Each structure stands twice: as structure tokens, then as C-alpha cells.
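Only one structure is covered here, and it is reproduced in the block below.
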2 protein chains.
Amino acid sequence: MKTATRTPRERRQERTRQDILLAAIDIIAEEGAEQLSLREIARRIDYSPAALYRHFDSKEAIVDAVCNEATRRLGDSLTVVPETLPPVEYLVELGMAYLRFANDHPQHFRFIATWRVPMPEDITREQMEQAADNPADPFSLLYRAIQRGIDVGLLRVKPNYATLEMALSMWALAHGMAVLQTQRLGKIPMDYARANRQAFQDFIKGMGD
Amino acid sequence: MKTATRTPRERRQERTRQDILLAAIDIIAEEGAEQLSLREIARRIDYSPAALYRHFDSKEAIVDAVCNEATRRLGDSLTVVPETLPPVEYLVELGMAYLRFANDHPQHFRFIATWRVPMPEDITREQMEQAADNPADPFSLLYRAIQRGIDVGLLRVKPNYATLEMALSMWALAHGMAVLQTQRLGKIPMDYARANRQAFQDFIKGMGD
DNA sequence: CTTACACTGTGAACAGTGTTCACAATTCAA
DNA sequence: TTGAATTGTGAACACTGTTCACAGTGTAAG
């Protein structure tokens with residue numbers, strides 16, 4: 001599989017575009033999102049601030065691209081969970097992977113959580129219901145796992161509460177725990193790994209009857 | 001009960017301090033948090049920008065105060081849930097009230113959720129375990145309700161997963177759902193009220209065995 | 001090879017931001 | 001009435017995102 005860009009010009013373009021994004025990501029990781037400025041990005045990659053506008057329409061566009069990249073990385077760290085696990089275990093480990101990412105990259109997680117929930121852009125019911133063929137997408141992973149749980153009889157569909165609703169609730173739980181724990185609540189002395197696991201297990205259990 | 005401030009001077013001080021905060025809250029509600037600027041606040045209350053520094057050390061201090069005020073309001077809309085309800089129903093309604101606030105005041109909720117999770121500042125285990133006497137605090141409401149559920153036998157304590165952990169998980173679920181639904185996910189056509197209720201019920205159910 | 005032309009990068013400028021500070025005006029107590 | 005403390009201000013500073021005319025470069029056509 002080759003890159004779609006042909007000419008040297010386009011390759012150079014694509015490269016500095018990536019440089020801009022990587023610099024932005026570094027700044028966020030090192031100094032926090034509020035320190036992200038066009039001038040700092042430009043300084044790091046030896047350009048003038050104005051030059052960035054040859055690659056992005058605005059700072060917001062850069063922020064958006066960074067969000068997408070960070071979301072992609074979060075998605076990657078979810079795909080490492082072996083999909084061969086039994087449904088319940090798989091769901092629990094998905095949630096734990098989500099929390100691990102938030103814990104390992106707090107700045108990035110805070111960043112994307114501030115601007116948007118790290119989820120695929122447009123979720124419609126039809127789109128989701130045919131998502132079994134989209135293996136890479138992180139929300140699809142969750143959706144399919146829920147569906148599997150239903151098929152096996154571990155989860156029970158209720159009125160107005162089917163696969164999509166369960167998947168969203170599960171995502172909400174993971175996201176909420178991640179937000180809570182990447183903020184000042186890390187101070188409370190408790191065994192987070194165990195507690196988190198228990199919370200996921202309980203929730204799944206509760207969806208089963 | 002009289003105000004603690006005595007002299008006319010102190011009363012005037014307190015009043016313009018409130019004016020500043022109210023202006024800030026209005027701006028956030030009307031134009032969004034990113035439009036909040038000291039100059040706009042000053043314009044609205046007929047002061048120069050520099051004058052604000054007689055009442056607050058920095059913009060961050062104003063933001064902090066606004067956060068506290070918004071958190072207080074969120075807490076108020078949780079206290080309307082009658083504490084006489086049976087434990088499970090009470091917990092569900094508490095969560096629904098949280099979501100209702102987020103839905104009714106999306107800008108304010110987004111604002112506090114961006115800067116901090118809307119929770120009391122310092123939560124320690126000891127502090128929580130003697131919180132039965134702090135009726136007003138919203139997290140204490142949740143904590144006590146969980147405790148009641150345990151006492152009645154509806155919730156089961158597990159290793160490393162007692163009252164505090166359950167309360168935090170429940171808060172995380174509500175917060176996560178609120179964040180998800182105040183973002184672009186409101187587009188998905190589904191019966192949110194029913195789905196949310198079901199999610200809370202399932203979660204509580206799952207903590208019961 | 002030379003002539004066009006599109007592309008790339010820049011410095012300077014603009015309007016906006018949070019913040020500071022010397023200074024004037026006011027309020028208040030002695 | 002005097003004196004000090006409080007209150008408010010305009011001007012300035014350093015920063016931000018953004019625009020734009022301009023110079024230099026790369027590329028493709030004649």
C-alpha cells in the first residue's frame with residue numbers, strides 16, 4: 001500500500017503538516033494544552049507563525065487534527081485487547097484499556113476530552129447496526145462486543161435499551177471514570193485498578209438481568 | 001441570620017464582586033465559555049478591565065469562583081430529589097437530576113466539566129465516612145444513599161469496593177453520560193430519558209450481587 | 001534554456017487578550 | 001480639616017490568532 005501523494009511537492013507538504021501536528025502534540029504533552037500557541041509550534045519546527053497558515057486554515061483546524069490523531073491513538077490502545085476473550089472479560093478489559101490510556105497520557109486525554117468526547121464523529125443507528133464489518137473503529141469494537149454478549153445471553157435487551165444504548169452507557173462509564181481519575185481525584189487512597197474492574201463487572205452484570 | 005460583612009464599604013465590595021460573577025455567568029450562558037473575557041465582563045458592569053483586579057487576583061480566580069457557583073447550583077438541583085425515596089429509586093433520580101442539569105444548562109455544565117469535575121474539592125476517605133452529618137453537600141447525598149443501600153442489603157460490599165468506590169463509580173457514570181449527551185451525541189435518535197434510567201437501574205442492580 | 005506561473009515562506013501589522021502600575025478621585029476616620 | 005486608605009482609570013506591556021503584500025523558490029510549458 002503506497003501513499004496517495006505523488007509529487008515531491010505534495011510529499012514535502014505532507015511532511016511539514018505532520019511536523020506541525022507532532023510539535024503540537026509534544027507541546028501539549030510537555031507543557032499542557034493551554035500553552036499550545038501557533039508561535040510556539042512555529043518556533044519548534046523553524047517556521048514563522050504565518051507559515052502554518054499554508055497548511056491549516058486556523059488554529060482550530062490544528063486543534064481538530066490533533067484531536068483526531070489523539071483519538072486514533074486511544075483507539076489503537078483499545079485494539080490491543082484480544083477480541084478472542086469471552087464477552088464479559090473482553091468488555092472489562094476494553095474499559096481498563098481506556099482508563100490506562102487516560103492514565104498514561106493525561107494531558108492528551110484531558111485535551112481531547114475538553115474539545116470532544118473521543119468518539120467517532122457521526123454515530124447513527126443504521127451506521128452502527130452494520131458496523132460489524134469495521135474492525136478498526138474503537139466504538140465498533142465495543143458495539144460488537146455488546147452484541148456478542150447479547151447473542152450469548154449474557155446481556156439482555158430491554159425496551160428502548162438495546163445494543164447501541166448499552167454501548168453508549170458503557171462508554172459513558174469508562175469516560176466518566178477516566179475524567180474523574182485524571183483530575184484531582186487521584187488523591188484518594190484506594191486501589192483504582194481493582195475498583196475500576198469491579199465497577200465494570202458490576203455494570204455488565206447489571207445489564208444481564 | 002445576617003451577612004457577616006459589616007461596613008458599607010464591605011457591602012459595596014461584596015456587591016460588585018457578585019456583579020462580576022453574574023456577568024461572567026451570563027456571558028458563558030449567552031456566548032459560550034470561550035467568549036469570556038475580562039474586557040467583556042468590565043463592559044457589562046461599567047467598569048474598566050483593571051478595576052476587576054480590585055476584587056480578583058486574576059482571570060483564573062474569576063473562573064474558579066464561577067466554577068464554584070455553578071457547582072453549587074448543580075448541587076442545588078440534586079437536593080430537590082426527595083431523600084425519602086427508596087434507595088434504588090433515589091439513586092436513579094439523583095442521576096437523572098444530574099443529567100437534567102447538564103441538559104438544561106449545557107454551557108455551564110460544559111464549563112465546569114472542562115475545568116474540573118463538579119465535585120467537592122477534597123474528598124478523603126475519613127472525611128466521607130463521617131459525612132452523614134453534611135446534608136447539603138451533593139456528593140454526600142450520593143454517599144449516604146449508597147450507604148443506605150448497603151445497609152438495606154440492596155448493594156453488596158466487595159473487596160476494595162465499598163461505599164466510597166461505589167459512590168465514585170455511580171458519579172462517574174452520571175458524569176460520563178452527561179458529557180456524552182451534551183456533546184454532539186444528542187443527534188442520535190433515541191429515548192434518552194428511558195435509556196438513562198435503565199442504565200442507572202442496571203448499574204445499581206449490578207452492584208447488588 | 002527561458003519564460004511564466006504557482007507555490008512557499010516571511011516580516012510587519014492589526015485587533016484582541018490578561019496583566020501591571022503610576023496616578024487621580026473618592027471615601028472614611030481621626 | 002487633615003491624612004490615610006480605598007477605589008477606579010488610562011496607558012502601557014507582552015502575549016495571542018490572523019492577514020497580507022512581498023520576496024524567493026520550484027516546476028512545468030514553450
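Letters go in sequence order (proteins before strands), and every chain restarts at 1. Since the model is a prediction, treat every value here as computed from it, not as a measurement.
If you take CZ of B:Arg11 and P of C:dC28, they are 11 Å apart, rounded to a whole angstrom. Rounded to whole Å, atom P of D:dT7 lies 14 Å from atom CZ of B:Phe56. A straight line from NZ of A:Lys59 to P of D:dT19 spans 15 Å, rounded to a whole angstrom. Atom pair A:Glu40:CD and D:dC15:C1' shows a separation of 13 Å (rounding to whole Å applied). Distance CD (B:Glu34) to P (C:dT17): 13 Å, rounded to an integer number of Å. Atom-to-atom, CD1 of B:Ile27 to C1' of C:dG16 comes out at 15 Å; the value is rounded to the nearest Å. The distance between atom CZ of A:Arg17 and atom C1' of C:dC7, rounded to the nearest whole Å, is 17 Å. Following rounding to the nearest Å, A:Gln13 (CD) and C:dC7 (P) show an atom-to-atom distance of 8 Å.
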Check nucleotides 8-14 of chain D for protein N or O atoms closer than 3.5 Å to its own N or O atoms and list the pairs.
from: D:dG8; atom 1: OP1; to: B:Tyr47; atom 2: OH; distance (Å): 3.1
from: D:dG8; atom 1: N7; to: B:Arg54; atom 2: NE; distance (Å): 3.0
from: D:dG8; atom 1: N7; to: B:Arg54; atom 2: NH2; distance (Å): 3.1
from: D:dG8; atom 1: O6; to: B:Arg54; atom 2: NH2; distance (Å): 2.6
from: D:dT9; atom 1: OP2; to: B:Ser48; atom 2: N; distance (Å): 2.8
from: D:dT9; atom 1: OP2; to: B:Ser48; atom 2: OG; distance (Å): 3.3

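Within the 3.5 Å criterion, the main-chain N or O of A:Leu36 finds a donor-acceptor partner in the side chain of A:Lys59.
Taking every heavy atom of both residues into account, A:Ile204 and A:Leu155 meet most closely at O-CD2, 3.6 Å.
Take the nearest nucleotide of DNA chain C for B:Tyr53 and for B:Arg12: the residue whose nucleotide is more 5' is B:Tyr53.
Rounding to the nearest 0.5 Å places CG of A:Leu78 at 14.5 Å from CZ of A:Arg73.
Closest to the side chain of B:Arg9, out of C:dT20, C:dC28, D:dG17, is C:dC28.
For B:Asp57, the CG atom sits in a loose shell: 12 or fewer heavy atoms of surrounding residues, nucleotides or ligands are nearer than 6.0 Å.
Side-chain atoms of B:Gln181 and B:Asn196 include a donor-acceptor pair closer than 3.5 Å. Side-chain contact, B:Ser169 with B:Tyr161: a donor N or O sits under 3.5 Å from an acceptor N or O.
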